[in-house]
Every structure is written in structure tokens, then in C-alpha cells.
Student: 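This is the structure I have questions about; it appears just below.
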Amino acid sequence: MTQQTTRIPISSIILDEDIYPRKGIDHRRVGIFAENIRDGFKFEPVEVELVPDKSGRYRLLDGAHRWSAYKSTGVSETEAIIKNLDGNDPLLYAAKKAIGPIQLTEDEARNTARRAYTRNSSLSSADIGKAIGRARRTVDSYIADLKAATRMGMDIKIFRMNHLGIPQDRIAKRLGVNQASIHNHLLKMATLPNLINADLERGFTVAQVAEKHNWTEPMVWSLALKDKEDLERFKELGWGLRTWDQWEWNDCDKRFGDDWPGRIPAQLIAHILFYFSKQNDLILDPMAGGGVTPDTCLALSRRCWAFDMTDRPETRPEIEPYTWTLSSDQQLSWPVTSKEKADLIIFDPPYFDKKAADYDRKSISALPKKEYLEFFEAFFALLRLNAKKTTRLAFINADWRDFQSKPAAEESGKGAILIDDYLRILNKTGWKHTHIIQAPMSAQRFSAVVVSAMQKKRILGVISRYVIILKQ
Ligand SMILES: C[S@@+](CC[C@H](N)C(=O)[O-])C[C@H]1O[C@@H](n2cnc3c(N)ncnc32)[C@H](O)[C@@H]1O
């Protein structure tokens with residue numbers, strides 16, 4: 001088959017090391033090619049593809065030595081075949097071309113196989129072998145450790161999602177694997193914790209074991225605390241239990257949840273779980289952010305379905321991506337078809353526009369006040385539709401006062417959204433409150449300079465935050 005060739009400038013071609021299968025250019029070979037060029041010898045065209053995101057630039061797929069010889073002899077243009085690889089791996093294509101004249105060395109073959117597998121773990125050893133001129137079993141030996149690490153990554157993700165009670169069809173969809181293979185992974189789950197448990201029994205700390213096995217701390221806690229009562233779990237986690245309806249902490253427990261704008265302390269979630277749910281209950285967090293709810297659920301042995309508009313499949317597979325959006329007729333839809341309904345819903349939405357700059361532009365924090373409150377009305381109604389008679393709702397929010405640089409006595413209250421605005425909407429949509437718990441935010445994040453400026457101007461800041469517990 002003849003292929004279309006085009007003349008392109010040598011200066012528009014680059015050698016991209018990411019897709020070059022050899023250790024380096026063989027300068028002796030380049031020297032021979034240069035001599036051939038001076039003698040008037042015509043070479044086969046080089047093969048290139050367009051460099052992604054750089055128009056008019058090409059990267060070599062085949063012909064690195066010819067290209068080097070052209071450069072060294074001052075040739076300005078060459079015949080080239082411009083390939084479109086249609087998603088095939090350019091490194092493996094380049095390797096296949098390279099082994100035409102000279103086989104890859106052992107080092108080059110191993111290195112290319114490992115790089116190709118790291119870029120795309122769905123490549124089979126047979127496919128890699130064909131490209132680099134090695135048997136499938138040889139490739140297996142090159143990439144055995146990488147395969148094990150990928151498999152372990154998948155096992156850990158499935159273990160975590162399964163532990164949180166996410167149904168198998170949703171785990172399969174989320175991880176992009178078929179349900180039968182989830183089933184096979186789950187069969188191994190019984191033995192997966194053995195190594196972790198063995199190290200815990202030997203007296204290693206949860207943090208040490210998590211580090212050693214590349215598990216997250218909350219997952220190791222879920223094993224370390226297995227079969228324990230809630231109170232014992234609080235003790236082992238170092239969380240003093242609050243007996244009264246004022247819950248205050250100076251800091252978030254860094255072991256649970258990610259560093260996230262608007263992160264709440266795991267201790268706060270743990271108290272909601274302690275008082276308003278029991279082990280194995282299903283908890284729903286519709287705007288889960290940094291994942292503090294699923295992490296705390298692992299430690300306290302609750303199941304948890306979590307959603308957020310921000311998708312982080314690698315680090316937070318258990319937070320399923322979903323954006324709650326009001327349709328033109330002010331309707332919202334439910335993200336899953338599963339019939340099971342939550343025992344407890346923990347809802348910690350953006351506090352109006354407080355962190356608008358940190359969240360996605362489709363976040364409800366970007367809505368004007370009227371639309372923001374309309375969203376809540378539709379959302380609380382939707383929660384009620386998808387709740388059972390006994391479902392509790394824990395709604396976390398704070399007063400939002402429009403007091404930028406204003407002394408307290410001059411605040412008009414016009415732009416404000418206060419906690420009783422939410423209560424009104426909650427009651428209107430059929431939710432009745434049973435408890436209003438004070439859970440103030442820490443004031444430690446304010447610098448002495450800011451505090452002193454506020455005091456001079458008689459500005460009254462907000463650190464009050466409430467957990468409102470409701471039922472139908
Ligand atoms: C206050 S944060 C939750 C923080 C979380 N409790 C934590 O401690 O990490 C609010 C979350 O709501 C999410 N969010 C805002 N609007 C959303 C929408 N329309 N649909 C889904 N998630 C949304 C944001 O991405 C953000 O992560």
C-alpha cells in the first residue's frame with residue numbers, strides 16, 4: 001500500500017522522548033546516514049504525527065537517525081508520512097517501527113513495556129509484546145510489579161466502596177469495569193485485610209500500617225475498630241464525647257477528609273452519627289466535598305453514599321460525581337435508581353457565596369440569593385420524596401450576614417440569609433426540627449491584625465454554625 005507523503009521542514013519535527021523507545025541516538029549510525037545523504041542516496045520518508053496541542057509541529061514515530069542526519073547535513077525539508085494513530089499508543093507504534101531494522105536491547109524493551117503499561121494499564125502483555133518484539137511471558141515478567149500495583153489499587157477501591165455499602169452495579173460503573181469482574185474482586189475481599197490485621201496485631205499503629213500498605217487511615221481504622229461499640233471507637237480515635245448540645249473543636253481531625261474549602265471537622269460528623277444513627281445504617285451525603293463523611297462512616301461502621309459535583313475518581317472513588325441542577329420547571333432529579341433509602345442524611349452545602357471562588361462555577365454558591373433559596377426549597381422537597389418515615393436530616397449551616405466592613409449597628413439585614421430562613425423553608429417542605437445544636441467554627445483562623453481592625457470598627461463577626469436535626 002502506498003502512503004501519501006508530504007514535504008515538511010526539518011525544523012518542524014521534534015524527537016519526543018516520551019514516545020521514543022530507544023535509550024538514545026546511535027551517533028555512528030547517524031554518521032553513516034549523513035555520508036549516504038552527501039553521496040545523493042535517497043531514504044524512505046520519515047513517519048510523524050502532529051504534536052498534541054501544538055499546531056504545525058510534528059513528533060517522530062519512525063526515522064530518528066535519518067532526521068538527525070538531515071539536520072547534521074543542513075537539509076531543510078524531508079518527505080514525511082503524517083500518521084493519525086486513532087488513539088493507538090504512539091510509543092508502541094514507534095517501538096514496532098524501530099525493531100524493523102534493529103531489535104530493541106533488553107533494557108530498551110523492558111523500559112518501553114513498563115512505560116507503555118504505566119500510560120495505559122488496559123494494554124495486554126501480548127499487545128505490548130507484538131510491538132516490542134518480545135514474547136507475552138517476557139512482557140509479563142517486565143511488568144509483573146506494575147500489574148500487581150494496579151490490581152491492588154482496584155482491589156482497594158472496590159474494598160472501600162463495598163465497605164461503604166455502594167451497590168455493585170454502581171461500583172462497576174464508577175470504576176469502568178464490568179460487574180462480573182467486581183464480583184471476582186469481591187471474592188478476594190475476605191483475605192485482603194489479612195496483612196493489615198496481622199500488622200495491627202503486631203502492634204503497629206494505624207498510621208504506620210496505612211503508610212506501609214498504601215491504604216487510607218480511615219480504611220485501616222475500619223478494620224482496627226471492627227466489632228467495637230461506638231463509645232469504644234470514640235475513645236480509640238481520641239475524640240472526647242460531647243454530652244451537651246454545644247459541640248466545639250479548634251481544628252479538623254486531619255486523618256479524616258481532605259484539605260477542602262469549607263471542610264468540617266470529622267468530630268462533628270462523628271457526633272451526628274453517634275446521636276442520630278447506629279452501626280450499619282445508611283448515611284447519605286449529597287454534597288460530600290473533601291469526603292469527611294465517608295471517612296468518618298468507615299471509622300464508625302456506617303454505610304455511606306456520597307455525591308459531589310467535583311469528580312476525583314482516583315482518590316475519592318466513593319464520592320460519585322453528580323451535580324444537583326434545577327431544570328427549567330424548577331425540578332431536581334435523584335442521582336440513583338437504587339430503592340434503598342437513607343437512615344440519615346448529612347447535608348453540608350456551601351454557605352451561600354462564602355466559598356464561591358473555591359468551588360466549580362456550577363456550584364449553588366454562584367447563585368444569586370433568590371435562586372439559592374429556591375434551590376433549597378426544591379432540594380428539601382426532593383430529599384423528602386426520597387426519604388423514609390424514619391429518615392433524619394442533619395442540616396449544617398451558618399448565618400450569612402452582609403456585614404463587609406460595617407459596624408454591627410449599621411447592618412440592615414437586607415442581603416442576609418439567617419438560619420431561620422432555612423428553617424422556614426425546611427418546615428414548608430415538610431421537615432420538622434427536633435434539635436438545633438451549636439457547632440461553632442474555630443475563630444483561631446483569624447489573625448490578630450484582623451481581629452483588632454474588627455474591634456476598632458465594632459464589626460461583629462460570625463463563627464456560629466448550627467446542626468439542625470429534622471424528621472418528617
Ligand atoms: C461546604 S462543601 C462540603 C464540605 C464537606 N462537608 C467537607 O467537610 O469536606 C460544599 C460542597 O458542595 C458542592 N456543591 C456545590 N454545589 C453543588 C451542586 N449543585 N451539585 C453537587 N455538589 C455541589 C461543592 O463542590 C462542595 O464540595
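Just follow the structure's listing: the first ligand is 1, and inside any ligand the first atom is 1. These numbers were taken from a predicted model, which means no experiment stands behind them. Side chains are part of it too, since the values below use all heavy atoms of this structure and drop only hydrogens, waters and symmetry mates. Residues take their numbers from the sequence shown, with the count starting at 1.
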Student: For ligand 1, which is the ligand I care about here, please tell me if Asp285 has any N or O atom under 3.5 Å from one of the ligand's N or O atoms.
Tutor: no

Student: Under 3.5 Å, is there a donor-acceptor pair linking the side chains of Asp253 and Trp239?
Tutor: yes

Student: Please state which part of Ile264 comes within less than 4.0 Å of ligand 1, counting heavy atoms only: side chain, backbone, both or neither.
Tutor: both

Student: When you measure from atom 21 (C) of ligand 1 to each heavy atom in Tyr322, Phe256, Phe307, Trp260, which option holds the nearest one?
Tutor: Tyr322

Student: What is the nearest protein non-hydrogen atom to atom 10 (C) of ligand 1, stated with its residue, atom name and distance?
Tutor: Asp348 O, 3.6 Å

Student: Any side-chain donor-acceptor pair under 3.5 Å between Asp127 and Ser124?
Tutor: yes

Student: Tell me, which protein residue and heavy-atom name are nearest atom 20 (N) of ligand 1, and how many Å apart are they?
Tutor: Trp324 N, 3.0 Å

Student: Compute whether any side-chain donor of one residue and acceptor of the other, for Asp140 and Ser125, lie under 3.5 angstrom apart.
Tutor: yes

Student: Numbering the atoms of ligand 1 from 1, which are under 4.0 Å from a heavy atom of Gly262?
Tutor: 1 (C), 4 (C)

Student: For ligand 1, indicate whether the residue Tyr359 contacts it via side chain, backbone, both or neither (heavy-atom separation under 4.0 Å).
Tutor: side chain

Student: Quick one: which ligand 1 atoms are inside 4.0 Å of a heavy atom on Gly289?
Tutor: 9 (O), 27 (O)

Student: For His213 and Asp199, test the side chains for any donor-to-acceptor distance below 3.5 angstrom and give the result as yes or no.
Tutor: yes

Student: With a 4.0 Å cut-off on heavy atoms, is Asp360 in contact with ligand 1?
Tutor: no

Student: With rounding to the nearest 0.5 Å, note down the distance linking NZ in Lys341 to OG1 in Thr391.
Tutor: 8.0 Å

Student: With a cut-off of 3.5 Å and sequence neighbours excluded, list every side-chain donor-acceptor pair involving residues 413-423.
Tutor:
| unit_1 | atom_1 | unit_2 | atom_2 | d |
| --- | --- | --- | --- | --- |
| Asp421 | OD1 | Arg424 | NH2 | 2.5 |
| Asp421 | OD2 | Leu418 | N | 2.7 |
| Tyr422 | OH | Tyr372 | OH | 2.9 |

Student: Kindly say whether Val462 contributes a backbone atom to a donor-acceptor pair with the side chain of Ser464 at under 3.5 angstrom?
Tutor: no

Student: Against the six-membered ring of Phe403, is Arg401 placed for a cation-pi contact (under 6.0 Å from the centre, within 45° of the normal)?
Tutor: yes

Student: Measuring only between side-chain heavy atoms, which start at C-beta, is Pro286 closer than 4.5 Å to Phe379?
Tutor: yes

Student: Please confirm whether Arg465 makes a cation-pi placement over Trp247, using NZ or CZ under 6.0 Å from the six-membered ring centre and within 45° of the ring normal.
Tutor: no

Student: Is the closest basic N to carboxylate O distance between Asp311 and Arg174 below 4.0 Å?
Tutor: yes

Student: If you have a sec, work out which protein heavy atom is nearest atom 25 (O) of ligand 1 and how many Å separate them, to one decimal?
Tutor: Asp308 OD1, 2.8 Å

Student: Please could you name the atoms of ligand 1 that Thr323 approaches to less than 4.0 Å, counting only its heavy atoms?
Tutor: 19 (N), 20 (N), 21 (C)

Student: Classify the contact between Pro349 and ligand 1 as side chain, backbone, both or neither, using a heavy-atom distance cut-off of under 4.0 Å.
Tutor: backbone

Student: Using a 4.0 Å cutoff against the non-hydrogen atoms of Thr310, which atoms of ligand 1 qualify?
Tutor: 25 (O)

Student: For ligand 1, is there an N or O atom under 3.5 Å from any N or O atom of Met309?
Tutor: yes

Student: Considering both backbone and side-chain atoms of Arg263, is one of its nitrogen or oxygen atoms within less than 3.5 Å of a nitrogen or oxygen in ligand 1?
Tutor: no

Student: Under a heavy-atom criterion of less than 4.0 Å, does Gly257 contact ligand 1?
Tutor: no

Student: Identify, for atom 16 (N) of ligand 1, the protein heavy atom at the shortest distance, and state residue, atom and that distance.
Tutor: Ile364 N, 3.1 Å

Student: Looking only at protein heavy atoms, which one is nearest to atom 15 (C) of ligand 1, and what is the separation?
Tutor: Ser363 OG, 3.3 Å

Student: Looking only at the side chains, is there a donor atom on one of Thr434 and Arg392 sitting less than 3.5 Å from an acceptor on the other?
Tutor: yes

Student: Using the side chain to side chain donor-acceptor pair (under 3.5 Å) criterion, which residues pair with Asp169? Sequence neighbours excluded.
Tutor: none

Student: Could you see which bit of Ala288 sits under 4.0 Å from ligand 1, with heavy atoms only: side chain, backbone, both or neither?
Tutor: backbone

Student: In the protein, which heavy atom is nearest to atom 9 (O) of ligand 1, and how far is it?
Tutor: Gly290 N, 2.8 Å

Student: Ignoring angles and geometry beyond distance, decide whether Phe375 reaches within less than 3.5 Å of ligand 1 through its nitrogen or oxygen atoms.
Tutor: no

